[in-house]
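Reviewing the structure listed below.
Both ligands and their constituent atoms are indexed starting at 1 by order of listing.
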Amino acid sequence: MMWEPFTEAARRVIVLAQEAAQKYGGRSLDTQHILLGLLEIDEGPLLPLFEARDLSVDSYREKLAREKTDSKEPAGTEEFVFTPDAKRLIEAAFERARDWGTNYIGPEHLVAAIERLPESNAAKYLRELGFDLAEVGSAMRVQGLAARTTPLRSHMHEHRMSQLPHLSEENVGLDPIETLQRWLLDAGSARETEPAAMALSTVDEHGQSSSRMVLLRGFDERGLIFFTHYLSRKGAELSRNNRAALLFWWGGLRRQVRIEGTVEPISDEESDAYFASRPREHQLSAWASEQSEPLESRSALEARFEDYRARFEGETVPRPHSWGGYRLQPQRVEFWQGRDNRLHDRLEFTKSGTSWRLQRLSP
Ligand SMILES: Cc1cc2nc3c(=O)[nH]c(=O)nc-3n(C[C@H](O)[C@H](O)[C@H](O)COP(=O)(O)O)c2cc1C
């Protein structure tokens, strides 16, 4: 399964939208159902704007009930059919997250995405109520950035550590990948600045180790994926010695994950697919940078960027062969949860054949 960027609140919005779709639209899930979800979640970012105008969510429910569309989908289908606008809204929420430099999708990204879809039913309704979509978008931006810069972390530090979740043999999950996914989601919900950032350590031919941050871009039972330049320092070190380590630290949750294993490049098809999904400027910068090589000046880099912009004008930017993904296949994964009196929890999974052995380590 791939890394799930939605915060718990955003996932709750989608569940509420599904319920609304079932109630008011058969199984067809459209932007107006997402809008209702955004109004119904606890402490949703849109509600204060509604309340400031003395608007009630009930009147929106009544409107949806009046306009109830008959289901066109065959009875018994379990799948919800997202309308093209609803799909575009989710995509626009991803764009918002990218614009604001956040690495998760929260309800504020979904609200702000409505501005990008002025013809959608959600946008029409907000306009009918007298909202200026650009103003709603910028209010969300302020909330999104505030949440990013004053993350739950500071609030968590006020809590006693005993109020933090404990890590035990019972709740750690059956394998480390399942637990890692849960911890990544928790880090996203806790508004850690870069929940998917991890330090990657490699070793050179003299045994000298070096570390740098990379972003986790996907993972499943086969391992953790990150993207980089194959000819960079890390790429050169990995080609000689493919044993490497990854490290996550989520300060607000007082959690650390240490991972060790072997690294292999992913398939060209997987790298192509990911490269194609990147913003054009990022694709161009992959061409412009000879990562880790000395550079005579900043302007030289910018000139290379502009050269590639001109070279690929009007064309799809192809993936440079020297840029792509690696997958670290874990052999050892340790979950560390900070606890009172330095009596921290440490649970270590070690791969043995195809299964995982679990043991507790002293803090
Ligand atoms: C939060 C963060 C995320 C980063 N993500 C990546 C990444 O996904 N891929 C990458 O090549 N470099 C990434 N970098 C830059 C690397 O840390 C590093 O500077 C670069 O890869 C060159 O490393 P090297 O010379 O050891 O190969 C990131 C840096 C930070 C601070």
Of Arg240, Gln208, Arg212, the residue whose pairing with Thr202 passes side-chain hydrogen bond (donor to acceptor under 3.5 Å, both in side chains) = Arg212
Determine, using ring centers only, whether Phe248 and Trp183 are less than 6.0 Å apart.
-> no
For Phe6, is the NZ or CZ atom of Arg12 found under 6.0 angstrom from the centre of its six-membered ring and inside 45 degrees of the ring axis?
-> no
Ligand 1 atoms nearer than 4.0 angstrom to some heavy atom of Ser292 are 24 (P), 25 (O), 27 (O)
Polar contact flag for Leu215 and ligand 1 (N/O pairs, less than 3.5 Å) = yes
Looking at Lys63 and Glu128, does any basic side-chain N land under 4.0 Å from a carboxylate oxygen?
-> yes
Do Leu29 and Tyr125 share a hydrophobic cluster, counting only Ile, Leu, Val, Met, Phe, Trp and Tyr and linking them when any side-chain heavy atoms are less than 4.5 Å apart?
-> yes
Would you say atom 19 (O) of ligand 1 has a protein heavy atom nearer than 4.0 Å?
-> no
With respect to atom 15 (C) of ligand 1, which of Met213, Gln291, Glu293, Glu237 exhibits the smallest heavy-atom separation?
-> Met213
With a cut-off of 4.0 Å, which atoms of ligand 1 are near a heavy atom of Val214?
-> 4 (C), 5 (N), 6 (C), 7 (C), 8 (O), 9 (N)
Numbered atoms and elements of ligand 1 in range of Arg233, under 4.0 angstrom, heavy atoms | 24 (P), 25 (O), 26 (O), 27 (O)
Mind checking whether Leu110 and Arg96 have side chains closer than 4.5 Å, heavy atoms only?
-> no
Under the side-chain contact (heavy atoms from CB on, under 4.5 Å) test, which residues partner Ala134, sequence neighbours left out?
-> Glu115, Asp132
Option whose closest heavy atom lies nearest to atom 7 (C) of ligand 1, chosen from Phe226, Trp323, Phe227 = Phe227
Ignoring angles and geometry beyond distance, decide whether Lys234 reaches within less than 3.5 Å of ligand 1 through its nitrogen or oxygen atoms.
-> yes
Per-residue contact class, Arg217 against ligand 1 - non-hydrogen pairs under 4.0 Å = neither
Ligand 1 contacted by Glu194 (non-hydrogen, < 4.0 Å) | no
Cation-pi, Trp287 ring and Arg311 (6.0 angstrom, 45 degrees) | yes
Has ligand 1 got any nitrogen or oxygen that is less than 3.5 angstrom from a nitrogen or oxygen of Thr228?
-> yes
